[in-house]
Amino acid sequence: MSEPTYTASEMMIVVAARMLEGARTVFVGVGLPNIACNLARYTVAPDLELIYESGVYGARPERLPLSIGDPTLVSGAISVVSMADLFGLYLQRGLVEVALLGGAQIDRYGNLNTTVIGDYRTPKTRLPGSGGACEIAINAQRTFMMIFSPAPVT
Amino acid sequence: MQNSAKTDKLVSMQEAIATYVRDNYSVTIEGFTAFICFAAGHEIIRQRRRNLTLIRMTPDLIYDQMIAAGVASKLVFSYMGNPGVGSLYCIRRAVEKAIPCPLELEEYSHYGLVGRYAAGASRLPFFPLRSYVGSDMPAANPLIKLIDDPYGTGTIAIVPPLNPDVAILHAQRADRQGNTQLWDLLGMQKEVAFAAKRVIVVVEEVVNEAMVHADPNRTLIPGLVVDALVHEPYGAHPSYVQGYYDRDNESYLAWDKLSQDHAAVEAWLDEWVYGLPKHAAYVQKLGQAHFDKLKPEPFLAPSVDYGRYR
């Protein structure tokens with residue numbers, strides 16, 4: 001068998017993008033989800049509106065955003081609002097069909113860890129923290145995760 | 001400072017920090033990837049403040065630098081990272097190894113901290129939100145509480161108000177009374193201005209009053225809540241200000257490598273913070289050509305007609 005001409009990341013991005021087929025709204029997470037959601041808009045979900053926790057509804061990025069806060073997400077967007085409005089009026093109101101998120105660790109039940117590895121008070125590794133993930137997972141109609149698993153899932 | 005309608009609040013960054021940021025204060029330099037006032041953070045380091053409680057939803061490079069410099073003993077946050085790049089190694093060294101000193105953490109999700117600012121801004125006793133149910137976060141932070149909704153919809157999370165001693169907020173422009181206009185990712189800039197006990201606004205441009213009054217919908221922070229105004233062009237570099245300059249991503253990538261070694265961070269602080277008298281010297285050291293490369297091409301919004309009624 002010949003070597004694949006794509007990376008594992010690229011395959012994950014394509015698969016995730018295809019899962020957004022027909023969706024109207026997606027809450028875009030940090031990292032690979034950012035790329036997958038933008039790809040979906042160009043392919044399987046042309047009506048997809050990208051929602052970013054930074055306060056953007058209906059982004060029209062002209063370059064790949066460096067992170068979920070990038071000036072290209074503001075210029076040309078449908079609406080840019082405060083984070084109070086984004087979390088209250090868009091997310092908690094129930095307007096998010098799908099959330100596509102990344103993370104550090106996940107178990108087979110979908111419990112997600114982006115906080116610490118080891119004891120909370122004396123962590124071996126301090127991770128970034130929840131960001132919006134806690135309320136996004138609770139309030140989005142569906143939540144998809146993209147995570148690298150260095151070892152087989154146990 | 002007296003705060004009448006005509007008070008001229010324009011001061012230097014040195015004076016604003018010396019007057020309003022004291023040891024042991026709680027301080028927020030807010031901004032969600034945009035509007036992050038590095039110039040103020042560097043001045044706080046230069047003035048060697050100690051034992052601060054730093055507050056921000058998304059601590060990034062400037063808090064990494066401040067914590068490496070030893071200004072803070074506590075961090076209140078909801079997501080810390082070098083955005084789009086990786087970890088914040090100085091904060092991790094403080095948390096994991098107490099270098100240069102221990103750092104206490106108080107942790108929320110974004111909406112939790114949004115709610116704390118919102119309650120603080122309108123002086124409410126708590127903010128209810130649909131979050132945290134099923135999460136381990138309330139166990140890690142007793143200020144997050146789950147209660148029974150008195151109106152019978154079941155369990156609801158609440159968070160208490162947050163009123164920082166000082167907020168430092170960057171924006172595009174303001175008049176000399178501190179009436180401030182911004183357009184960009186808005187983060188919680190407006191709410192934080194109303195929540196904090198003292199507010200320092202830092203702007204790219206100081207404009208005349210007529211400019212503000214011509215477009216009142218864009219005035220998110222009134223001078224009524226502003227104590228000091230600082231004019232500091234490129235004061236948010238290497239973060240960005242919509243329409244003025246782009247994020248300087250090379251700086252974020254360079255910090256990712258440099259910050260993995262505490263000695264290298266100390267050398268960087270000596271060269272770029274302690275070794276310079278003020279932000280204008282930092283801008284001069286980088287050179288105007290550096291900033292010219294970060295200037296976006298124009299993308300003007302059409303003007304609107306408010307109408308004149310008399």
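Values in this document were obtained by computation on a predicted structure and should not be read as measured data. Residue numbering restarts at 1 for every chain, and letters A, B, ... go by the order of the sequence lines. Computation of the quantities below employed the complete heavy-atom set of this structure, encompassing side-chain atoms and omitting hydrogens, waters and symmetry-equivalent molecules.
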K.L.:
Quick one: which of B/Ala140, B/Ala157, B/Ser87, B/Ala118 has the most heavy-atom pairs under 4.5 Å with chain A, could you say?
P.N.:
B/Ala140
K.L.:
Is a donor on one side and an acceptor on the other found under 3.5 Å between the side chain of A/Gln92 and the backbone of B/Arg130?
P.N.:
yes
K.L.:
Could you check which of B/Gly187, B/Ala34, B/Gly112 has the highest count of heavy-atom pairs closer than 4.5 Å to chain A?
P.N.:
B/Gly187
K.L.:
So what's closer than 4.5 Å to chain A heavy atoms on B/Tyr132: side chain, backbone, both or neither?
P.N.:
both
K.L.:
Got a sec, which residues hit salt bridge (charged side-chain N to carboxylate O under 4.0 Å, His left out) with B/Glu204, two or more places apart in sequence or on another chain?
P.N.:
none
K.L.:
Please round to the nearest 0.5 Å and tell me the distance separating atom CG of B/Asp184 and atom OG of A/Ser54.
P.N.:
9.5 Å
K.L.:
Check whether A/Leu91 gets within reach of chain B through its side chain, its backbone, both or neither, counting any heavy atom under 4.5 Å.
P.N.:
neither
K.L.:
Examine distances only and state if a side-chain atom of A/Ser67 and a backbone atom of B/Pro83 form a donor-acceptor pair shorter than 3.5 Å.
P.N.:
no
K.L.:
Under 4.5 Å between any side-chain heavy atoms of A/Arg126 and B/Leu88, yes or no?
P.N.:
no
K.L.:
Does a sphere of radius 6.0 Å around CZ in B/Phe126 hold more than 12 heavy atoms from other residues, nucleotides or ligands, not counting ones at 6.0 Å or beyond?
P.N.:
no
K.L.:
Between chain B and each of A/Asn113, A/Val116, A/Leu66, A/Val80, count heavy-atom pairs under 4.5 Å; write down the option with the most.
P.N.:
A/Leu66
K.L.:
Report the distance from atom OG of B/Ser78 to atom CE of A/Met83, rounding to the nearest 0.5 Å.
P.N.:
6.5 Å
K.L.:
Going from OG1 on B/Thr33 to CG on A/Leu73, what distance comes out if it is rounded to the nearest 0.5 angstrom?
P.N.:
8.5 Å
K.L.:
Would you call the rings of B/His110 and A/Phe87 parallel, tilted or perpendicular, where under 30° means parallel and over 60° means perpendicular?
P.N.:
perpendicular
K.L.:
Name the region of B/Phe299, side chain, backbone, both or neither, that has any atom closer than 4.5 Å to a heavy atom of chain A.
P.N.:
side chain
K.L.:
Which one, A/Gly129, A/Gly69, A/Gly131, A/Ala137, leads in non-hydrogen pairs under 4.5 Å with chain B?
P.N.:
A/Gly131
K.L.:
Is it the case that more than 12 heavy atoms not belonging to A/Met12 sit under 6.0 Å from its CE atom?
P.N.:
yes
K.L.:
Only pairs of heavy atoms separated by less than 4.5 Å count here; which of B/Val114, B/Val133, B/Ile91 has the most with chain A?
P.N.:
B/Val114
K.L.:
I'd like to know if A/Asp85 pairs up with B/Lys190 as an ion pair, taking the criterion as any Lys NZ or Arg NE/NH1/NH2 lying under 4.0 Å from an Asp or Glu carboxylate oxygen.
P.N.:
no
K.L.:
Could you grab the distance from atom CE of B/Met137 to atom SG of A/Cys134, nearest 0.5 Å is fine?
P.N.:
6.0 Å
K.L.:
If I measure from the heavy atoms of chain B, does A/Thr125 come under 4.5 Å with its side chain, its backbone, both, or neither?
P.N.:
both
K.L.:
Out of curiosity, B/Tyr79 OH to A/Thr115 OG1, how far, rounded to the nearest 0.5 Å?
P.N.:
11.0 Å
K.L.:
With a 4.5 angstrom heavy-atom cut-off, is it the side chain or the backbone of A/Val81 that approaches chain B, or both, or neither?
P.N.:
backbone
K.L.:
Do you know the tightest heavy-atom contact between A/Pro71 and B/Gln242?
P.N.:
O-NE2, 3.1 Å
K.L.:
Can you tell if the side chain of B/Phe32 reaches within under 4.5 Å of the side chain of A/Ile68, non-hydrogen atoms only?
P.N.:
yes
K.L.:
Using distance alone, with no hydrogens and no angle criterion, decide if B/Glu107 and A/Tyr120 have a side-chain donor and acceptor under 3.5 Å apart.
P.N.:
yes
K.L.:
Please say whether more than 12 non-hydrogen atoms of neighbouring residues, nucleotides or ligands are located less than 6.0 Å from CG in A/Asn111.
P.N.:
yes
K.L.:
Do the non-hydrogen side-chain atoms of B/Leu185 and A/Val74 ever get within less than 4.5 Å of each other?
P.N.:
yes
K.L.:
Could you tell me which of B/Pro296, B/Gly84, B/Gly115, B/Gly81 has the largest number of non-hydrogen atom pairs under 4.5 Å with chain A?
P.N.:
B/Gly84
K.L.:
Which region of B/Phe77, side chain (C-beta onward) or backbone (N, CA, C, O), has a non-hydrogen atom less than 4.5 Å from a non-hydrogen atom of chain A, or is it both or neither?
P.N.:
side chain
K.L.:
Grab the two heavy atoms, one from A/Pro123 and one from B/Glu96, that are nearest each other, plus how far apart they are.
P.N.:
O-CG, 4.0 Å
K.L.:
Tell me, for B/Ser135 versus chain A, whether the close heavy atoms (under 4.5 Å) come from the side chain, the backbone, both or neither.
P.N.:
side chain
